[in-house]
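What follows is a single structure, written as structure tokens, with notes after it.
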Amino acid sequence: QVQFAESGGGLVQPGGSLRLSCAASGFIFSIYPMGWYRQVPGKQRELVATIKSSGSTIYSDSVKGRFTISRDNPNTTVYLQMNSLKPEDTAVYYCNQVPPLFGSWGQGTQVTVSS
């Protein structure tokens with residue numbers, strides 16, 4: 001059974017930092033591109049960062065230069081280091097394969113950027 005468990009969200013002031021973690025299970029983690037997605041109410045889920053099995057990374061323009069995605073294959077975990085956070089980064093953040101293949105999503109972790 002494919003599962004994702006996101007953690008690390010919270011309330012942070014503009015300009016602050018957070019580190020999100022996602023523990024994945026139920027599939028051969030190391031061979032899949034993994035990504036972080038985010039969603040705000042009323043909008044489609046948005047892919048913001050991707051890390052391929054090779055370790056190469058891709059970022060959306062909205063987070064480039066501020067967010068860093070990484071992965072730990074032995075521990076089947078993917079991370080998102082978020083710096084210089086802005087109010088528009090407020091969303092529920094999810095991890096999944098890129099593209100999502102198994103129809104499973106975790107509960108996500110809420111990130112709120114506000115003073």
Side-chain angles (χ1 to χ4, degrees):
Q1 183 180 1
V2 174
Q3 292 183 319
F4 303 97
E6 300 90 352
S7 62
L11 173 63
V12 63
Q13 292 188 339
S17 298
L18 283 174
R19 188 188 193 215
L20 307 184
S21 300
C22 171
S25 60
F27 61 101
I28 304 173
F29 179 85
S30 61
I31 68 173
Y32 286 97
M34 294 295 300
W36 282 96
Y37 302 75
R38 67 186 181 187
Q39 188 171 27
V40 298
K43 292 192 176 181
Q44 278 194 320
R45 199 166 289 173
E46 172 193 17
L47 175 63
V48 298
T50 302
I51 184 164
K52 299 181 180 180
S53 56
S54 64
S56 63
T57 56
I58 305 168
Y59 299 95
S60 67
D61 288 343
S62 60
V63 307
K64 196 174 296 181
R66 301 187 297 119
F67 290 11
T68 302
I69 188 172
S70 59
R71 65 191 298 161
D72 179 351
N73 286 337
N75 290 305
T76 65
T77 301
V78 60
Y79 301 98
L80 187 68
Q81 177 67 43
M82 305 187 296
N83 298 329
S84 302
L85 282 160
K86 304 176 181 180
E88 51 264 44
D89 295 317
T90 296
V92 180
Y93 284 73
Y94 303 86
C95 73
N96 211 316
Q97 296 106 343
V98 179
L101 295 175
F102 300 110
S104 296
W105 290 88
Q107 292 192 336
T109 187
Q110 175 71 48
V111 172
T112 303
V113 185
S114 175
S115 55

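Keep in mind that what you see is a predicted model, and the values were worked out from it rather than measured. What you see below is based on every heavy atom in this structure, not just the backbone, and it leaves out hydrogens, waters and symmetry mates.
For the residue pair S17 / N83, a side-chain donor-acceptor distance below 3.5 Å is found, with atom types taken as modelled. There is a side-chain donor-acceptor pair under 3.5 Å between S62 and S60.
Atom OG1 of T90 and atom CD of Q110 lie 7.0 Å apart (nearest 0.5 Å). For the atom pair L20 CG and Y79 OH, the distance stands at 12.0 Å (nearest 0.5 Å). Taking NZ from K64 and CD1 from I58, the interatomic distance works out to 9.5 Å, rounded to the nearest 0.5 Å. Going from atom CG of N75 over to atom OG of S21 covers 11.0 Å, rounded to the nearest 0.5 Å. Atom OG of S114 and atom CD of Q13 lie 8.5 Å apart (nearest 0.5 Å). In this structure, the separation between CD on E88 and CZ on R38 is 8.0 Å, given to the nearest 0.5 Å.
Heavy-atom minimum distance, Y32 versus L101: CE2-CD1, 3.4 Å. Contact between K43 and Q39 at its shortest, heavy atoms only, is O-NE2, 3.1 Å. For the residue pair G9 and T109, the shortest heavy atom distance occurs at N-OG1, 2.9 Å.
In this structure, R45 is positioned above the aromatic face of Y94, its NZ or CZ under 6.0 Å from the six-membered ring centre and within 45° of the axis. The cationic atom of R66 (NZ for Lys, CZ for Arg) does not lie both less than 6.0 Å from the six-membered ring centre of Y59 and within 45° of the ring axis.
With hydrogens and angles ignored, the 3.5 Å screen pairs no side-chain donor or acceptor of N96 with any backbone N or O of M34. Of the possible donor and acceptor atoms, one in the side chain of T76 sits under 3.5 Å from a partner among the backbone N and O of A24. A side-chain donor-acceptor contact under 3.5 Å links D89 to the backbone of K86.
With a 6.0 Å radius and a threshold of 12 heavy atoms from other residues, nucleotides or ligands, Q44 has its CD atom at or below the threshold. Counting heavy atoms of neighbouring residues, nucleotides and ligands inside a 6.0 Å radius, atom CD of Q107 does not exceed 12 of them. Atom CD1 of I28 has 12 or fewer heavy atoms from other residues, nucleotides or ligands within 6.0 Å.
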Take E6 and W36 through the side chain to side chain contact (heavy atoms under 4.5 Å, CB included) test and state the conclusion after the steps.
CA-CA 10 Å; E6 300 90 352; W36 282 96; 4.0 Å; yes
Step by step, work out the side chain to side chain contact (heavy atoms under 4.5 Å, CB included) result for V98 and L47.
CA-CA 9 Å; V98 179; L47 175 63; 3.9 Å; yes
Take I51 and V78 through the side chain to side chain contact (heavy atoms under 4.5 Å, CB included) test and state the conclusion after the steps.
CA-CA 9 Å; I51 184 164; V78 60; 4.3 Å; yes
Assess whether side chain to side chain contact (heavy atoms under 4.5 Å, CB included) is satisfied between V111 and L18, documenting all intermediate values.
CA-CA 9 Å; V111 172; L18 283 174; 3.9 Å; yes
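Between Y37 and W105, the two ring planes are perpendicular [angle over 60°; tilted spans 30° to 60°]. Using bins of under 30°, 30° to 60° and over 60° for the plane-to-plane angle, the ring pair F27/F102 lands in the tilted bin.
Y93 is listed as a side-chain neighbour of M82, based on a closest heavy-atom distance under 4.5 Å. Using a 4.5 Å heavy-atom threshold, the side chains of T112 and V12 count as separate. Residues P14 and P87 have side chains in contact (heavy-atom distance under 4.5 Å, counting atoms from C-beta outward).
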